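Quantities reported herein were computed from a predicted structural model and do not represent experimental measurements. Labels below follow one simple rule: chain letters A, B, ... track the order of the sequence lines, proteins then strands, and each chain is numbered from 1.
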2 protein chains.
Amino acid sequence: MPAPPRIPSSPGNKKPRLNRDLVLSTALKLVDSIGLDSLSMRRLGQELNCDPMALYRYAANRAELLDGVTELVLNELAIDPDASDWQRQLRATAHDVRQLALRHPNAVPLLVTRPLSTPLGLRPLGMLRPLELIVALLIRAGFAPADALHAYRTYYGFLYGHILNELQELVVNPEEEDPVLRLGLYRLPSKDFPHLRSLAPVLAEYDGAAELDEGLDILLTGLAQKLGGGPGPQLAGPTSR
Amino acid sequence: MPAPPRIPSSPGNKKPRLNRDLVLSTALKLVDSIGLDSLSMRRLGQELNCDPMALYRYAANRAELLDGVTELVLNELAIDPDASDWQRQLRATAHDVRQLALRHPNAVPLLVTRPLSTPLGLRPLGMLRPLELIVALLIRAGFAPADALHAYRTYYGFLYGHILNELQELVVNPEEEDPVLRLGLYRLPSKDFPHLRSLAPVLAEYDGAAELDEGLDILLTGLAQKLGGGPGPQLAGPTSR
DNA sequence: ACCTGAACACCGTTCAAGT
DNA sequence: ACCTGAACACCGTTCAAGT
């Protein structure tokens, strides 16, 4: 049964009709500007000036809305599973994820937290795509499927660990000269925190990109070695199962 | 000026007076049972049967309450900075953190998320204690302070990455036989997710403790090598700065 | 001085009433 | 059939009124 002809959204329409992408990208913009906790259905409705109830056309509830925002953020990643050089691709993706996290720090809790709320298979597809694509990349590079999954986990764990590390040490008063003041370390009783206090200058010099690259060097070397057939210390060989 | 003599909480008191520990541990119990989102000041007040406003004696607001719960969870860790074998201590702590996460999965978002909201120096001391103690351990083991911090970051990143990995793959229907069904993978269009679907049996067999140990083997070997003076591929030597 | 609870300004979501 | 908005059952937190 053919649907009755729909009036296309002609330029003369007063309201640029809502759609999922607009809703989600506006939500992301709000998360970036006012934070996750302040993103409410009502606030979002106000931003899109529409009835808050209208949003429920595009997400069944707030949790699904947040899942949608997570998907939207992850879609900013471009992963080519057919890349000729898999190490180059993984390295580039790692830096992309890092940039993403720095661009959307308020959304990072979504990235690390949303997957904990839903079993793998029930997650929105956009949240699973990076996993599928990287596993595909690794298999194409020669890993046995089970080893590709193993390698993905190592990579993902390292990457998200790094991001948590880096964002944790972000500084609030970048204009302050003294690193102790800049990090608020003066508040720590030096009796209980002698090392932490004296590490202030080192803490203040954190270079996220460099740290990420150092880790990637080790990680990718290790993975390449497994692929080449060099047996790791006590890891199963690359053709397990 | 001596305080007026206080009536000690005699056993005859009808109400076992509130205190911070009771408030926080009850909050943790609630998080474990009903989840983070359902933990409200009012619900907590009801659980302790007291006026919700009374809780504000022990935490300035909900965010501080959550920080307190985070501290409480982290206090379950026993880290001995004077341990004779630093590798053994780090390994044990890693497993302790893993067990902690499995014991309190609903609190894991707090562990990874709370530190992102407050600059290092302004965080509650209980959240910084593991950092201080592990850095102390590493310095005692012979690391230069800056390298100890570096090593801590690697360790912390790996550990939290692993936990996110493992909790992400937790299964909801453990009684289901077929791994595809158990993980809900039937929902994925096999056109877009060929690898993920075929990996179902491998996904279903995730062994967190083993995976953690494999990673620790590599990590600790790498750290020990840096300590011993063997120069890593392109890492700064152990006596940087 | 401390504690209590009413009141305020919000929430997410349901559902009946409109078109 | 779709959209709208009133209403419900909650929130965190302020603050005036009690003791």
*Asks:* If pairing requires Watson-Crick or G-U wobble contacts with both distances under 3.5 Å, which nucleotide is the partner of dT13(C)?
*Replies:* dA7(D)
*Asks:* Could you check how far CZ of Arg57(A) sits from P of dT4(D), rounded to whole Å?
*Replies:* 10 Å
*Asks:* Would you kindly give the CG-to-C1' distance between Leu18(B) and dT4(C), to the nearest whole Å?
*Replies:* 14 Å
*Asks:* Does the side chain of Leu74(A) reach to within under 4.5 Å of the side chain of Arg129(A), using non-hydrogen atoms?
*Replies:* no
*Asks:* Mind checking if Met41(A) touches a base, just sugar-phosphate, or nothing, with heavy atoms under 4.0 Å?
*Replies:* sugar-phosphate
*Asks:* With side chain to side chain contact (heavy atoms under 4.5 Å, CB included) as the test, pick out the partner of Leu188(B) among Leu120(A), Leu122(A), Leu128(A).
*Replies:* Leu128(A)
*Asks:* Whole Å only: how far is the CG atom of Asp51(B) from the P atom of dC15(D)?
*Replies:* 17 Å
*Asks:* Would you indicate whether Asp178(A), at its atom CG, is surrounded by more than 12 heavy atoms from other residues, nucleotides or ligands within a distance under 6.0 Å?
*Replies:* yes
*Asks:* Partner of dC2(C) by Watson-Crick or G-U wobble geometry, both contacts under 3.5 Å, or none?
*Replies:* dG18(D)
*Asks:* Measure from the side-chain heavy atoms of Ala54(A) and tell me the nearest of dT4(D), dT4(C), dC11(C).
*Replies:* dT4(D)
*Asks:* Given atom CG of Leu66(A) and atom P of dC11(C), what is their separation to the nearest angstrom?
*Replies:* 14 Å
*Asks:* In whole angstrom, what separates Arg62(B)'s CZ from dC10(D)'s C1'?
*Replies:* 13 Å
*Asks:* Quick check for you: among dT13(D), dT13(C), dC11(D), whose closest atom lies nearest to any side-chain atom of Arg43(B)?
*Replies:* dC11(D)
*Asks:* Report the distance from atom CD of Gln46(A) to atom P of dA9(C), rounded to the nearest whole Å.
*Replies:* 15 Å
*Asks:* Nearest whole angstrom, please: distance from the P of dT19(D) to the CE of Met53(B).
*Replies:* 20 Å
*Asks:* If only side-chain N and O atoms of Arg42(B) are considered, is one of them under 4.0 Å from the OP1 or OP2 phosphate oxygen of dG12(D)?
*Replies:* no
*Asks:* Output yes when Glu76(B) and Arg103(B) qualify as a salt bridge under the 4.0 Å nitrogen-oxygen rule, no when they do not.
*Replies:* yes
*Asks:* Give the rounded distance in Å between these two atoms: CG of Leu55(A) and P of dT13(C).
*Replies:* 11 Å
*Asks:* Less than 4.0 angstrom from a charged side-chain N to a carboxylate O is my criterion; do Glu169(B) and Arg153(A) meet it?
*Replies:* yes
